[in-house]
> 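Shown below is the structure under consideration.
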Amino acid sequence: MSTCFAAKLLAHYDANARTLPWRSPPGAPPPDPYRVWLSEIMLQQTTVAAAIPYFNTFITRWPSVAALAAADDTAVMAAWAGLGYYARARNLIKCARVVALEYGGVFPADEAALRALPGIGAYTAAAMAAIAFGARAVVVDGNVKRVMARVHAIETPLSQAEVQLHAHATAATPHGRPGDYAQALMDLGATLCTPRAPKCGQCPVARACKGRADPTRYPVHAPKAPRPERRETAWWIEVGGHVLLVERPTNGLLGGMRALPVGDAPPMIADWRGVDWQNMGNVRHIFTHFSLDLAVQRAMLLARPAPENFHAGLWWPVAKIETAGLPSLFAKAARCAMAAS
DNA sequence: CACACGTGGGG
DNA sequence: TCCCCAAGTGT
């Protein structure tokens, strides 16, 4: 594959680039590295449509990495609520503070230095180096892997083809316009060289594509494991218009997020005898690696139990539950608990 | 290297 | 309803 590939891709990009809030037009000076970074973190395993409103909210509320570094952790986590993969938000905060304290609020331009920051892996470091700093970094994301697997008709399953795919991506990367090239390649994967029903008829590099005859054959995937089933119970404890929320442990599922208490028993040391629990129904939620059937139990208490009976709870106004920053699972459970009955 | 880690949209 | 998946990272 020669520079011809990149030339055709860039020409197509010049005429068809998507307009996105974090993006500069083709040929324009690079965007603020803060915007590139924020968008790249939000876009990890996340669709453009889902990321856009969050990006706009964050940029308005925290216009610079210094502003984000100075933010309350809780406020940032709440603003991220609903976007998923919450380790990204925890690392976002850590990264902002490292940049603020160790780099004076200016992102390093060096790919290796970027790679060393929290939440920035090989892909994001390369993307930032290319898009924000104009370096010839080799950007390899899911789009690039799919395009390379098709162009070269790679039969090796994706998980075992990393080195091969990276080599092809390196050979294809031009020395000029690295940022535009990276985005052009990802645009191609997102709009034409899609996983299903690729639009080969409109593809600028279809003539060079070895997978053209059967594009959906590539990339080859390993067989997927079955998704296990889990059952849990969430506890809605309401007193005087307030509901008990907890902050989940920093690590693990929905780590660091506010939530309803979950477990086999209500989250108290106190004695629950005599309390009238109502079964409010079940919420079904599909995670990447398991399916969850969450039963929702509700108790309406007359008096607030002593604080020492809770590990780390807070009473949130039921009328403002949407502002609590609950992840989607618990936002659903809250709607279930508040349903008329 | 394999697995944990969210969510909502599309076919 | 169900399966796939979307600009990955950390462990």
Side-chain angles (χ1 to χ4, degrees), chain A residues 18 20-23 35-55 77 80-92 94-95 114-132 137-147 157-163 169 179 181-191 193-198 216 219 221-230 248-257 259 283-292 294 325-332:
Chain A
R18 290 178 292 173
L20 299 171
W22 46 81
R23 180 179 274 186
R35 297 173 72 90
V36 177
W37 168 67
L38 183 61
S39 67
E40 291 300 342
I41 301 300
M42 287 185 168
L43 287 165
Q44 290 169 4
Q45 299 291 287
T46 303
T47 57
V48 166
I52 285 176
Y54 285 84
F55 178 84
M77 297 309 289
W80 197 277
L83 197 55
Y85 283 147
Y86 299 99
R88 292 184 295 174
R90 301 193 299 271
N91 285 328
L92 194 78
K94 287 185 198 166
C95 183
L114 290 164
R115 175 70 182 80
L117 292 169
I120 298 185
Y123 160 74
T124 302
M128 288 187 69
I131 298 168
V138 180
V139 176
V140 184
D141 75 332
N143 289 302
V144 177
K145 289 175 186 172
R146 184 171 58 259
V147 171
L158 214 45
S159 58
Q160 301 163 42
E162 292 297 319
V163 172
Y181 171 78
Q183 293 172 95
L185 197 46
M186 292 190 283
D187 264 24
L188 182 76
T191 63
C193 195
T194 50
R196 286 172 298 195
T216 56
H221 288 99
K224 43 272 172 195
R227 198 198 307 274
E229 188 79 24
R230 290 191 203 171
R248 294 174 62 87
T250 307
N251 296 310
L253 190 72
L254 308 175
M257 300 301 287
V283 166
R284 185 147 185 82
H285 198 76
I286 311 301
F287 293 92
T288 303
H289 52 300
F290 67 94
S291 299
L292 177 64
L294 185 71
L326 296 178
S328 293
L329 167 66
F330 291 108
K332 279 200 260 180

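Letters A, B, ... are given to chains in the order of the sequence lines, protein chains preceding strands, and every chain is numbered from 1.
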> Which nucleotide span of DNA chain C, 5' end to 3' end, has atoms closer than 4.0 Å to non-hydrogen atoms of chain A?
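First-to-last contact on DNA chain C, by the 4.0 Å heavy-atom rule, is C/dC4 to C/dG10.
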> Using a heavy-atom cut-off of 4.0 Å across all strands, would you classify A/Ser39 as base, sugar-phosphate, or nothing?
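Here A/Ser39 touches no strand at all.
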> Identify, with sequence neighbours excluded, every residue that meets salt bridge (charged side-chain N to carboxylate O under 4.0 Å, His left out) alongside A/Arg196.
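Salt bridge (charged side-chain N to carboxylate O under 4.0 Å, His left out) check on A/Arg196 returns nothing, list empty.
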> Does A/Ile120 or A/Asp187 map to a spot on DNA chain C nearer the 5' end, using the closest nucleotide for each?
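On the 5' side of the pair lies A/Asp187.
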> For nucleotides 5-11 of chain B, just jot down a letter per nucleotide in 5' to 3' order: B, S or -, based on protein non-hydrogen atoms under 4.0 Å.
BBBS-BS
> Side-chain donor-acceptor pair under 3.5 Å between A/Arg88 and A/Gln44, yes or no?
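On atom types as modelled, these side chains do not qualify, holding no pair under 3.5 Å.
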> Under 4.0 Å, heavy atoms only, any strand: does A/Ala122 hit a base, just the sugar-phosphate, or nothing?
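Sugar-phosphate contact only.
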> Measuring only the P atom in each nucleotide, how far is C/dA6 from B/dC1? A whole number of Å is fine.
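My reading of the P atoms in C/dA6 and B/dC1 gives 22 Å.
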> Is any side-chain heavy atom of A/Trp22 closer than 4.5 Å to one of A/Ile131?
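Result no, sub-4.5 Å side-chain heavy-atom pair not found.
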> Taking side chain to side chain donor-acceptor pair (under 3.5 Å) as the definition, give me every residue that meets it alongside A/Arg230, ordered by chain and number, with sequence neighbours left out.
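Testing A/Arg230 for side chain to side chain donor-acceptor pair (under 3.5 Å), a comparison that skips the adjacent residues, returns none.
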> With A/Glu229, which residues qualify under side chain to side chain donor-acceptor pair (under 3.5 Å), at least two apart?
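If we apply the side chain to side chain donor-acceptor pair (under 3.5 Å) test to A/Glu229, skipping adjacent residues, the hits are A/Arg284.
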> Quick one: ring pair (Phe, Tyr, Trp, His ring centres under 6.0 Å) partners of A/Tyr85, sequence neighbours excluded?
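Scan of A/Tyr85 (ring pair (Phe, Tyr, Trp, His ring centres under 6.0 Å), adjacent residues dropped) gives none.
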> Applying a 4.0 Å non-hydrogen cut-off, can you work out what A/Leu92 is touching in the nucleic acid: base, sugar-phosphate, or nothing?
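Result for A/Leu92 = nothing.
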> Could you measure between the two P atoms, the one in B/dA4 and the one in C/dA7, and give it in whole Å?
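It comes out at 22 Å once rounded to the nearest Å.
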> If you look at every strand shown and take non-hydrogen atoms under 4.0 Å, does A/Arg146 touch a base, only sugar-phosphate, or nothing?
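If one applies the 4.0 Å heavy-atom cut-off, A/Arg146 turns out to touch the sugar-phosphate alone, with no base involved.
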> Decide yes or no for A/Phe330 and A/Arg248: does some side-chain heavy atom of the first lie under 4.5 Å from some side-chain heavy atom of the second?
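Side-chain contact under 4.5 Å: yes.
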> Check the orientation of A/Phe290 and A/Phe287. Use parallel for under 30°, tilted for 30 to 60°, and perpendicular for over 60°.
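Aromatic pair A/Phe290/A/Phe287 classed parallel.
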> Remember a base hit wins even if backbone is also touched, and classify A/Trp22 as base, sugar-phosphate or nothing at under 4.0 Å, heavy atoms.
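Result for A/Trp22 = base.
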> Using the P atom as the point on both nucleotides, what is the distance between C/dT11 and B/dG6, in whole Å?
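Going atom to atom, P in each nucleotide, I get 14 Å.
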> CZ of A/Arg227 to CG of A/Leu292: how many Å apart, nearest 0.5 Å?
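Going from the CZ atom of A/Arg227 to the CG atom of A/Leu292 covers 12.0 Å.
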